Amino acid sequence: MRTIYQLNGLDEGKIFNRSLPPFVRPFNFSLSLNFVTLLYELLNPKNKIMKKIIRFSALFLLVMASLSATAQKYKTAADTGKLNLEYVKVSNDIAELTADLATAQTKLITYQEKARSAEEEAQKAASSSSDQASKATNGEMDDAKKAKKRAQKAYDQAKDAKNANDDVKDQNNKIEKLNSKLKKKQERQQELDEMRATINSKLANN
């Protein structure tokens with residue numbers, strides 16, 4: 001692509017050099033331009049090497065953040081204040097997760113009952129549709145219309161049953177995640193209890 005200088009018949013190197021101090025002018029302008037272009041290509045987020053560097057850096061930061069979050073230890077009496085603060089937070093998290101889990105389990109029962117009812121209705125509708133379809137083979141217009149309506153009803157009921165079963169599946173996944181979070185919080189609470197006991201033991205022996 002031609003630059004604005006080239007379009008006007010000017011030498012961009014000379015123009016650039018005139019604006020520089022005398023000790024800089026001997027440098028080759030084209031080499032400087034090539035260096036800047038190369039540097040831009042390397043730092044361009046679309047560059048494959050740069051993409052790998054960005055991904056590695058993000059992964060490294062994530063790992064370090066995770067380690068710093070899980071490696072918190074309280075060993076002395078001076079750490080008691082921080083330990084108590086985290087203990088209160090963990091206890092509150094446990095109470096909240098326990099409440100959420102109870103609500104989710106109650107909803108699961110409702111979804112399961114709805115799914116069972118929907119499946120029963122779907123089976124009845126399918127059976128009725130099949131019976132009407134058999135009658136429609138005699139060529140009567142009324143029987144054919146009834147068969148079509150019952151077939152549509154059977155389809156709708158089957159769709160409702162599928163949606164209800166999907167709700168059950170989603171709710172089970174939600175309960176599983178809540179149980180996992182609750183377990184981690186309970187384990188952390190136990191760790192804090194052990195740290196507190198160790199600190200108290202050291203204080204008692206001093």
Side-chain angles (χ1 to χ4, degrees), residues 23-24 27 31-119 159-206:
F23 65 89
V24 180
F27 289 98
L31 289 177
S32 301
L33 186 61
N34 289 337
F35 173 76
V36 172
T37 302
L38 177 61
L39 185 61
Y40 172 78
E41 290 296 330
L42 287 174
L43 296 179
N44 191 340
K46 294 182 179 180
N47 185 282
K48 291 182 179 180
I49 297 176
M50 198 60 191
K51 282 183 178 180
K52 291 181 180 180
I53 293 174
I54 292 173
R55 289 174 183 173
F56 176 79
S57 300
L59 180 61
F60 177 77
L61 291 173
L62 183 62
V63 171
M64 292 302 296
S66 177
L67 289 175
S68 63
T70 57
Q72 184 65 42
K73 301 291 182 182
Y74 306 109
K75 299 179 180 179
T76 66
D79 298 326
T80 303
K82 293 180 180 179
L83 189 155
N84 290 337
L85 284 175
E86 185 179 351
Y87 195 92
V88 171
K89 184 179 182 306
V90 171
S91 297
N92 289 338
D93 289 342
I94 289 175
E96 184 176 346
L97 287 169
T98 301
D100 290 343
L101 185 59
T103 301
Q105 289 172 336
T106 300
K107 286 185 178 180
L108 176 62
I109 295 173
T110 302
Y111 289 147
Q112 288 173 335
E113 291 176 352
K114 183 178 178 181
R116 281 194 294 268
S117 176
E119 285 179 355
K159 190 175 180 180
D160 289 343
K162 181 183 179 302
N163 291 337
N165 283 316
D166 287 342
D167 288 339
V168 171
K169 183 178 179 181
D170 292 341
Q171 197 66 14
N172 276 321
N173 290 337
K174 182 177 181 179
I175 290 173
E176 185 177 351
K177 290 179 180 179
L178 287 172
N179 275 320
S180 178
K181 290 180 180 179
L182 181 59
K183 182 180 178 182
K184 289 179 180 179
K185 292 295 181 179
Q186 289 172 335
E187 289 174 350
R188 182 56 179 169
Q189 187 181 54
Q190 185 176 353
E191 290 175 356
L192 293 173
D193 283 330
E194 292 172 357
M195 291 180 203
R196 191 198 302 277
T198 301
I199 292 173
N200 290 338
S201 178
K202 289 180 180 178
L203 292 174
N205 293 331
N206 290 338

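On a predicted model such as this, the values are computed, not experimentally measured, just so you know.
Salt bridge annotation for Arg116-Glu119: absent, with no cationic side-chain nitrogen under 4.0 angstrom from a carboxylate oxygen. With salt bridges taken as basic N to acidic carboxylate O contacts below 4.0 Å, one links Glu86 and Arg188.
Rounding to the nearest 0.5 Å gives a distance of 14.5 Å between NZ of Lys181 and CD of Gln186. Put simply, CD1 on Ile109 and NZ on Lys107 are 13.0 Å apart, with the number rounded to the nearest 0.5 Å. Of the inter-residue distances, the one linking Asn84 atom CG with Leu192 atom CG reads 9.5 Å to the nearest 0.5 angstrom.
Applying the side chain to side chain contact (heavy atoms under 4.5 Å, CB included) criterion to Gln105, with sequence neighbours excluded, gives Leu101, Ile175. For Asn92, the side chain to side chain contact (heavy atoms under 4.5 Å, CB included) partners are Val88, not counting sequence neighbours. Every residue two or more places apart in sequence or in another chain that forms a salt bridge (Lys or Arg N to Asp or Glu O under 4.0 Å) with Lys89 is listed here: Asp93. Contacts of Ser91 classified as side chain to side chain contact (heavy atoms under 4.5 Å, CB included), with partners at least two apart in sequence or in another chain: Tyr87, Gln189. Residues forming a side chain to side chain contact (heavy atoms under 4.5 Å, CB included) with Thr106 (at least two apart in sequence, or on another chain): none.
Counting heavy atoms from C-beta outward, Met195 and Lys75 have side chains that stay 4.5 Å or more apart. With contacts defined as side-chain heavy-atom distances shorter than 4.5 Å, the pair Asp100/Leu182 does not qualify. Residues Leu97 and Ile94 have side chains not in contact (no heavy-atom distance under 4.5 Å, counting atoms from C-beta outward).
A distance-only check finds a donor-acceptor pair linking the side chain of Gln171 to the backbone of Ala104 [under 3.5 Å]. In this structure, the side chain of Thr198 engages the main chain of Glu194 through a donor-acceptor pair within 3.5 Å. Between the side chain of Ser117 and the backbone N or O of Lys114 there is no donor-acceptor pair closer than 3.5 Å.
The shortest non-hydrogen separation linking Tyr74 to Ile199 is O-CD1, 3.9 Å. Heavy atoms only, all atoms of each residue included: Ala118 and Ala161 are closest at CB-CA, 3.5 Å.
Evaluation of the salt bridge (charged side-chain N to carboxylate O under 4.0 Å, His left out) test over residues 160-180, restricted to residues two or more places apart or in two chains, returns Lys162-Asp166.
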